[in-house]
Participant: 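Quick one: structure below, then a few questions.
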Amino acid sequence: MDFVELEAIEGLRWSWNSWPSSKADQAALVIPLAVMCTPLMQQAELPLLPYDPVTCSQCGAVLNPYARVEYTSRIWFCSLCLHKNTFPHSYSNIGDTNLPAELFPTYSAVEYARTAPPPPPSHNWSGANGVLLSSSSSSLSSMVSSSPNSGSDDPRGIRPAFVLVVDVATPRDELAALKNELLLVLEQLPETALVGLVTFDSMVRVHDLEFSDCSRVVVLHGERELSPVQIQQFLGINWTKQQKMGKMPFSQKQGFLLPVSECEFNISTAIEEIQSPVVKPGHRPGRSTGAAISAALGLLEGCLVSTGSRIMVFASGPATIGPGIIVSSDLGYSIRTHRDLINGHAPYYSKSCSFYAQLSQRLTDASIVLDLFACSLDQAGSAELKDPIERSGGFMMLGESFESNEFRKCLRQIFTRDEEGYLKMYFDATIEIVTTKDVKICGALGPCVSLRKVNNLVSSSEIGEGGTYIWKLGTITNKTCITFFFEVSDEQKVQPGSAFFIQFITQYRHGNMGIRKRVATAARRWVGNRSPEIAAGFDQETAASVMARLAIHRAETCFARDVIRWLDDTLIQFASKFGDYVEEDPSSFRLASNFSLFPQFMYYLRRSQFIDVFNSSPDETAFFRLMLNREGVVGSLIMIQPTLLQYSFDGPPIPVLLDVRSISPDVILLFDSYFHVVIHYGSKIAQWRKLGYDKDPNHENLRKLLEAPEIDAQQLVADRVPAPKLIRCDQHGSQARFLLAKLNPSVTQNSTYTDGSDIILTDDLSLQVFLDHLQDLAVQS
């Protein structure tokens with residue numbers, strides 16, 4: 001069973017692809033029943049249907065290939081609840097030779113985008129690859145196609161809105177680079193998009209973009225925590241109760257949020273005129289980041305602009321005054337560390353987190369996305385901001401400079417357009433799950449929020465964002481991945497061998513601001529407790545990713561040592577359950593091939609920066625965990641257990657063990673940990689390069705050897721957002737620490753080693769010692 005091929009079809013990865021038929025048997029699996037869902041995964045053959053889906057009148061499931069259809073009587077039986085439904089009149093011509101795309105066996109995932117005007121009352125459907133399944137002359141492209149106007153005919157005229165929140169307390173050169181990028185962003189925005197500008201230092205300035213005679217701003221004091229009503233009163237934004245309830249349109253009489261076509265000159269001028277303030281010696285610049293975000297949110301709420309809006313914060317340091325303060329402006333006070341947070345020596349942390357939690361709820365209620373671009377050598381407060389950013393589905397980038405290529409690439413990537421010219425931004429998404437009655441929904445982990453809607457499919461056992469069958473996402477991309485957790489219901493005896501179904505219904509607003517709905521339906525089979533299909537259906541890569549999300553979820557409220565102890569206990573139970581061994585004989589312990597890598601993944605997870613926060617700041621830890629919590633299986637695995645490629649004169653590059661023994665003087669290593677890409681030159685290779693041998697035509701092989709990892713590294717950097725930091729280092733050089741910190745310490749100062757070989761100075765256990773201990777504990781009776 002190729003799990004990667006299944007994911008390409010369904011957009012799903014399952015920790016267990018065959019499920020036990022009882023709750024007791026499920027508990028014995030140790031690893032939870034989970035599905036990692038990438039709702040909008042790019043698929044080669046995804047039909048786009050220009051009509052509304054047909055849904056079950058009882059459970060709400062959408063018509064799918066697993067439904068039983070009676071063509072003569074024009075009825076269908078829902079595969080999830082078995083309820084009998086009638087087809088609408090538009091399906092009157094349905095038959096064996098005239099099937100709609102949603103009933104094709106090859107289309108387990110389809111997408112609906114209703115066009116205007118509505119479709120005619122009857123359809124003739126086309127088959128796969130454009131082959132007609134009826135005598136009708138209608139073509140596949142007429143019914144299953146992508147139209148630039150699909151779903152865009154919305155009477156409310158919804159437009160995306162972007163409020164730029166700029167930290168002016170930025171060094172002059174950095175500020176100049178940031179302003180250039182912001183001007184480029186304005187050029188990328190559609191002319192109909194709404195745009196606003198808020199700048200801040202110790203004061204917050206909301207810019208009036210309609211007044212062109214001179215620069216006009218509303219100044220708010222950075223130390224005051226204002227309510228949304230107060231902010232709107234200061235801005236002169238007032239609306240009636242009917243307008244607030246959506247019964248009357250909002251008449252735009254303010255100049256703070258305008259279409260790009262009406263204010264491009266004014267906002268460009270305002271950005272160009274931003275100047276850095278003078279900083280008092282011995283003090284940090286005054287920054288009122290929290291007050292600025294609150295002002296931007298109040299502006300969007302006051303203009304009744306929610307769906308399709310983003311607040312984009314550009315910060316170059318921590319907040320030093322007002323709500324959301326991180327550290328005092330006095331440089332005599334250092335910024336909080338993990339040790340300070342553990343010992344309770346971070347005086348502002350709890351209050352700031354509480355402030356941002358309130359903002360998070362307002363962002364979620366209004367479907368507004370919060371993004372943070374923090375470019376600073378110091379921390380900028382992203383640990384406190386993590387909750388509103390993650391819950392709104394926003395983007396976080398930590399960098400060193402606004403002049404860096406990483407920042408430019410990230411910002412431009414967000415505003416890229418698709419083939420039809422629309423922004424690749426999808427807003428205001430909801431994910432609904434419908435299952436067969438024997439499957440209960442426990443919860444989700446990822447950039448989503450529970451809507452607390454309960455039905456008979458929702459379990460009383462909550463994991464993460466639970467207590468619901470529908471979740472909300474402020475924004476979603478083609479790579480956003482959510483982990484959903486399930487359990488087996490004991491309400492009714494399940495027959496092993498029978499099938500069960502889970503349907504994921506994702507509704508979102510496309511870049512053209514039209515509503516689309518993607519439906520993915522998956523089928524799996526119930527099996528008996530001792531069935532070999534359970535072991536055969538175990539996906540150890542997905543299981544490792546699921547355990548990583550559960551671990552960082554625990555780490556938010558538990559000490560690292562307690563999380564590591566939980567991981568170890570789980571791994572011991574798992575090895576004891578699925579290992580093949582003689583009791584009390586560790587040498588007899590064996591794991592089948594589809595289980596054998598899981599202990600190795602857990603070893604690297606417990607050593608990773610997600611759990612072991614030593615040498616990471618709270619901001620970095622927040623960023624690492626936020627990225628892991630939304631990445632798919634492949635990206636998550638690279639974060640947990642980085643990849644290592646070896647380049648040598650002996651042949652093409654080959655993957656090697658993530659071990660210190662893989663370092664050799666005459667090879668080049670390419671290391672990828674998702675956040676860092678390291679090109680490590682062996683000592684001999686580095687010496688030849690410094691002597692310029694690669695420029696000698698007689699040493700063409702050396703030149704090609706040096707070029708190969710550079711090309712591959714640039715490809716890794718180009719394909720990933722945010723872009724990883726590219727590091728080039730030589731063996732025994734200081735920058736080699738980025739590689740050595742992640743390698744298995746099989747050779748340490750306590751080992752027997754030869755002079756000149758690399759060793760790792762550490763007291764950590766090596767992978768082999770870890771596995772030996774695991775075997776000793778797993779075989780105990």
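One-based numbering along the sequence shown.
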Participant: Which residues satisfy the side chain to side chain contact (heavy atoms under 4.5 Å, CB included) test with Ala296, sequence neighbours excluded?
Facilitator: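 Per chain and number, Ala296 pairs via side chain to side chain contact (heavy atoms under 4.5 Å, CB included) with Val163, Val165, Val198, Ile311.
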Participant: Please identify each residue that fulfils salt bridge (Lys or Arg N to Asp or Glu O under 4.0 Å) with Glu462, with sequence neighbours left out.
Facilitator: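 Partners of Glu462 by the salt bridge (Lys or Arg N to Asp or Glu O under 4.0 Å) criterion, ordered by chain and then number, come out as Arg452.
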Participant: Does a salt bridge link Asp418 with Lys424, judged by any charged N lying under 4.0 Å from a carboxylate O?
Facilitator: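 The answer is no: the pair does not qualify as a salt bridge.
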Participant: Answer yes or no for Arg720 and Tyr674: cation-pi contact, defined as NZ/CZ to six-membered ring centre under 6.0 Å and angle to ring axis within 45°.
Facilitator: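 Here Arg720 passes the 6.0 Å and 45° test against Tyr674.
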Participant: Do Thr480 and Thr477 get their side chains close enough for a donor-acceptor pair, meaning under 3.5 Å?
Facilitator: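 Yes - a donor-acceptor pair under 3.5 Å links their side chains.
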Participant: Give the intermediate values and the outcome of side-chain contact (heavy atoms from CB on, under 4.5 Å) for residues Arg606 and Ile611.
Facilitator: CA-CA 6 Å; Arg606 66 200 297 279; Ile611 310 299; 5.6 Å; no
Participant: Is any side-chain N of the basic residue among Lys725 and Glu406 closer than 4.0 Å to the acidic one's carboxylate O?
Facilitator: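 So Lys725 does not pair with Glu406 through a salt bridge.
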Participant: Using 4.0 Å as the upper bound for N to carboxylate O, is an ion pair formed by Asp612 and Arg607?
Facilitator: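 Not counted as a salt bridge, because no side-chain N and carboxylate O are separated by less than 4.0 Å.
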Participant: Where the side chain of Asp619 meets the backbone of Gly381, is there a donor-acceptor pair that is under 3.5 Å apart?
Facilitator: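 Looks like yes, one N/O pair under 3.5 Å.
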Participant: Can you list everything that forms a side chain to side chain contact (heavy atoms under 4.5 Å, CB included) with Asp387? Sequence neighbours excluded, please.
Facilitator: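 Only Ala357, Ser360, Arg391 meet the side chain to side chain contact (heavy atoms under 4.5 Å, CB included) criterion with Asp387.
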Participant: Using a strict cut-off of less than 4.0 Å between a Lys/Arg side-chain nitrogen and an Asp/Glu carboxylate oxygen, indicate whether Glu111 and Lys517 qualify as a salt bridge.
Facilitator: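 No, Glu111 and Lys517 are not salt-bridged.
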Participant: Name all residues meeting the ring pair (Phe, Tyr, Trp, His ring centres under 6.0 Å) criterion together with Trp14; count only those two or more places apart in sequence or in a different chain, and write none if there are none.
Facilitator: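 Trp14: ring pair (Phe, Tyr, Trp, His ring centres under 6.0 Å) contacts with Trp19.
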Participant: Under 4.0 Å between a side-chain nitrogen and a carboxylate oxygen: does that hold for Lys440 and Glu487?
Facilitator: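 Salt bridge between Lys440 and Glu487, a charged N being under 4.0 Å from a carboxylate O: no.
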Participant: Considering residues at least two apart in sequence or located in another chain, which fulfil the salt bridge (Lys or Arg N to Asp or Glu O under 4.0 Å) criterion with Glu620?
Facilitator: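 For Glu620, no residue satisfies salt bridge (Lys or Arg N to Asp or Glu O under 4.0 Å) once neighbours in sequence are set aside.
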Participant: For Phe504 and Phe486, take the angle between the two ring planes, folded into 0 to 90°, and tell me which bin it lands in: parallel under 30, tilted 30 to 60, perpendicular over 60.
Facilitator: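 Rings of Phe504 and Phe486: perpendicular, over 60°.
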Participant: I'd like to check the side chain to side chain contact (heavy atoms under 4.5 Å, CB included) partners of Ala523; sequence neighbours left out, ordered by chain and number.
Facilitator: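 Side chain to side chain contact (heavy atoms under 4.5 Å, CB included) check on Ala523 returns Tyr66, Phe501.
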